[in-house]
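Below, chains carry the letters A, B, ... as their sequence lines are ordered, and counting in each starts from 1. Just so we're clear, the structure is a prediction, and the values are computed from it rather than from any experiment.
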There are 2 protein chains.
Amino acid sequence: MLLYLQPDSDVPLYQQIRDQIVAGLATGQLSPGDPLPPIRQLAADFGVHFHTVNKAYDLLRQEGLIRLHRRTGAVVVCEPAPPEFRGQWRERARVLLAEAFVKGIPPEEILAECTALLNSFQPANAHSDLSGGAST
Amino acid sequence: MLLYLQPDSDVPLYQQIRDQIVAGLATGQLSPGDPLPPIRQLAADFGVHFHTVNKAYDLLRQEGLIRLHRRTGAVVVCEPAPPEFRGQWRERARVLLAEAFVKGIPPEEILAECTALLNSFQPANAHSDLSGGAST
DNA sequence: ATGATTGTTACATATCAAATATAACAAACA
DNA sequence: TGTTTGTTATATTTGATATGTAACAATCAT
């Protein structure tokens with residue numbers, strides 16, 4: 001799993017690290033049980049301070065996506081979503097979808113983008129293909 | 001169009017203002033040609049500084065969603081998306097969808113959420129209903 | 001027990017963003 | 001002319017970001 005950072009982005013470095021690990025989880029490049037590199041090693045690979053990586057790992061821990069142990073390191077767990085997750089996620093999705101909508105992108109195309117992205121996720125769910133228009 | 005702010009949110013105030021105006025545009029509560037309140041008045045309504053509202057308006061102007069004039073004030077315009085919009089939007093959507101996916105929400109439900117949100121947008125597009133599963 | 005590896009915590013510091021505050025300026029219209 | 005509007009400048013306070021140094025604590029192999 002290859003990671004790269006954009007130091008001049010408006011997205012904080014620890015957030016970029018967290019986001020790419022989440023994306024790696026979705027695409028199946030990372031699976032529950034897999035170990036993550038030690039924070040100091042990952043920091044050295046990126047050329048950032050280990051505190052920055054530590055903050056990213058701490059975020060992922062708070063989200064229930066990884067578990068941290070001394071000596072053992074970080075491992076992927078992917079705990080189920082807490083009750084408040086859906087509502088908060090929906091609000092963020094509302095703004096993101098609204099942005100595309102008001103910029104004139106047709107709702108069918110927006111949905112097609114989402115479908116394509118979801119289909120690019122975990123091969124474990126490859127049996128449930130979300131083509132939508134293929135069967136009609 | 002009713003706006004409210006959460007001062008203790010991790011989302012900056014100017015971003016909250018911007019997001020709610022974008023959402024208002026999507027739902028049709030705001031339409032091209034509509035005027036927006038003067039920054040000083042909106043700031044007074046919110047109990048924030050006019051610079052905070054000014055930053056939100058400036059963001060919307062950079063995005064091509066409003067146009068600003070002295071004396072006249074701000075009006076909605078909704079310019080079409082620039083070429084780089086799609087790619088940047090897709091990257092943000094990728095992370096957001098990945099978050100829901102790795103938290104165990106089935107892709108069908110994620111798509112259903114997106115569909116419902118898109119259907120809640122502008123009645124001007126009400127003729128193209130994206131139900132997908134209602135007709136079966 | 002020893003020692004190395006790992007995450008964890010505590011300080012400190014520099015830089016930048018967010019939000020407020022005050023003031024002045026400039027275009028536009030009645 | 002004068003008011004309303006956005007615009008710009010400067011300053012300040014607070015918090016977030018990122019780095020740096022140092023030490024601590026659990027864990028596992030030896």
Side-chain angles (χ1 to χ4, degrees), chain A residues 3-22 30 32-77 79 92 95, chain B residues 3-22 30 32-77 79 92 95:
Chain A
L3 303 184
Y4 58 95
L5 297 183
Q6 296 175 318
D8 293 343
S9 167
D10 57 335
V11 180
L13 293 176
Y14 74 90
Q15 185 80 42
Q16 291 185 45
I17 298 173
R18 176 265 180 194
D19 287 351
Q20 292 191 38
I21 290 178
V22 169
L30 284 174
D34 286 356
L36 261 58
I39 50 181
R40 287 176 180 82
Q41 176 189 322
L42 199 54
D45 293 348
F46 284 150
V48 299
H49 200 269
F50 77 88
H51 273 159
T52 305
V53 179
N54 187 51
K55 191 168 184 177
Y57 277 24
D58 192 58
L59 251 184
L60 293 164
R61 182 192 56 77
Q62 288 176 34
E63 298 180 81
L65 294 178
I66 68 175
R67 204 163 287 172
L68 299 172
H69 304 278
R70 301 178 203 247
R71 181 75 185 186
T72 312
V75 292
V76 176
V77 288
E79 288 178 4
R92 289 197 294 147
V95 175
Chain B
L3 304 184
Y4 57 94
L5 298 183
Q6 297 175 318
D8 293 343
S9 168
D10 56 335
V11 180
L13 293 176
Y14 74 90
Q15 185 80 42
Q16 292 184 45
I17 297 173
R18 176 266 181 194
D19 287 351
Q20 292 190 38
I21 290 179
V22 170
L30 283 175
D34 287 354
L36 261 58
I39 50 181
R40 288 175 178 84
Q41 176 189 322
L42 199 55
D45 292 348
F46 284 151
V48 300
H49 200 269
F50 78 88
H51 272 159
T52 306
V53 178
N54 186 52
K55 191 166 184 179
Y57 277 23
D58 193 58
L59 251 184
L60 293 164
R61 181 192 58 77
Q62 288 178 33
E63 298 179 81
L65 295 178
I66 68 175
R67 204 163 286 172
L68 297 171
H69 304 278
R70 300 178 203 245
R71 179 78 182 185
T72 314
V75 291
V76 176
V77 288
E79 288 177 4
R92 289 197 294 146
V95 175

Engineer: Might you point out which heavy atoms bring Gln16(B) and Ser9(B) nearest each other, and give the distance in Å?
Structural biologist: NE2-CB, 3.5 Å
Engineer: I need the CD1-P distance between Ile39(A) and dT19(D), as an integer number of Å.
Structural biologist: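 Taking CD1 of Ile39(A) and P of dT19(D), I get 13 Å after rounding.
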Engineer: Answer with yes or no whether His51(A) presents, from its side chain, a donor or acceptor under 3.5 Å of a partner atom in the base of dT9(C).
Structural biologist: yes
Engineer: For dA19(C), does either OP1 or OP2 sit under 4.0 Å from a side-chain N or O belonging to Lys55(B)?
Structural biologist: no
Engineer: Return the CD1 to OH distance between Ile17(A) and Tyr4(A), rounded to the nearest 0.5 Å.
Structural biologist: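 Reported to 0.5 Å precision, the distance equals 13.5 Å.
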Engineer: Between Gln41(A) and Tyr14(B), just flag the one whose closest nucleotide in DNA chain C comes earlier from the 5' side.
Structural biologist: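 Its nucleotide being nearer the 5' end, the pick is Gln41(A).
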Engineer: Specify the residue among Gln15(A) and Phe50(A) whose closest nucleotide of DNA chain D lies further upstream toward the 5′ end.
Structural biologist: Gln15(A)
Engineer: Please walk me through it: do Arg61(A) and Asp58(A) pass salt bridge (charged side-chain N to carboxylate O under 4.0 Å, His left out)?
Structural biologist: CA-CA 5 Å; Arg61(A) 182 192 56 77; Asp58(A) 192 58; 2.9 Å; yes
Engineer: To the nearest Å, give me how far apart CG (Asp8(B)) and P (dA16(D)) are.
Structural biologist: 11 Å
Engineer: When the nearest nucleotide of DNA chain D is assigned to Arg71(A) and to Pro7(A) on a heavy-atom basis, which residue is associated with the more 5' position?
Structural biologist: Pro7(A)
Engineer: Taking only N and O in the side chain of Thr52(B), is any of them less than 4.0 Å away from OP1 or OP2 of dA18(C)?
Structural biologist: no
Engineer: In whole angstrom, what separates Arg61(A)'s CZ from dT8(C)'s C1'?
Structural biologist: 11 Å
Engineer: In whole angstrom, give the distance that lies between atom CZ of Arg70(B) and atom P of dA28(C).
Structural biologist: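 Rounding to the nearest Å, CZ of Arg70(B) and P of dA28(C) are 8 Å apart.
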Engineer: Leu59(A) CG to dT8(C) C1': how many Å, rounded?
Structural biologist: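 Leu59(A) atom CG is separated from dT8(C) atom C1' by 16 Å.
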Engineer: What pair of heavy atoms forms the shortest contact from Ile66(A) to Ala74(A), and how long is it?
Structural biologist: CD1-CB, 4.3 Å
Engineer: To the nearest 0.5 Å, what is the distance between CZ on Arg18(B) and CD on Gln62(B)?
Structural biologist: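 Atom-to-atom, Arg18(B):CZ and Gln62(B):CD are 11.0 Å apart.
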Engineer: Output the rounded distance in Å from CG (Leu68(B)) to C1' (dA26(C)).
Structural biologist: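 From Leu68(B) CG to dA26(C) C1': 15 Å.
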Engineer: Leu5(B) has an atom CG; how far is it from atom C1' of dT20(C), in whole Å?
Structural biologist: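 Atom-to-atom, Leu5(B) to dT20(C), this comes out as 15 Å.
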Engineer: I'd like to know if His49(B) reaches the base of dT22(C) with its side chain, counting only an N/O donor and acceptor under 3.5 Å.
Structural biologist: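 When only heavy-atom distances are counted, His49(B) does not reach the base of dT22(C) through any donor-acceptor pair under 3.5 Å.
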Engineer: Counting distance alone, no hydrogens or angles: does the base of dT7(D) have a donor or acceptor under 3.5 Å from a partner atom on the side chain of Arg40(B)?
Structural biologist: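 Per atom types, the contact qualifies.
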Engineer: Starting at CG of Leu42(A) and ending at C1' of dA18(D), how long is that distance when rounded to a whole Å?
Structural biologist: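 Checked: the CG to C1' distance equals 16 Å.
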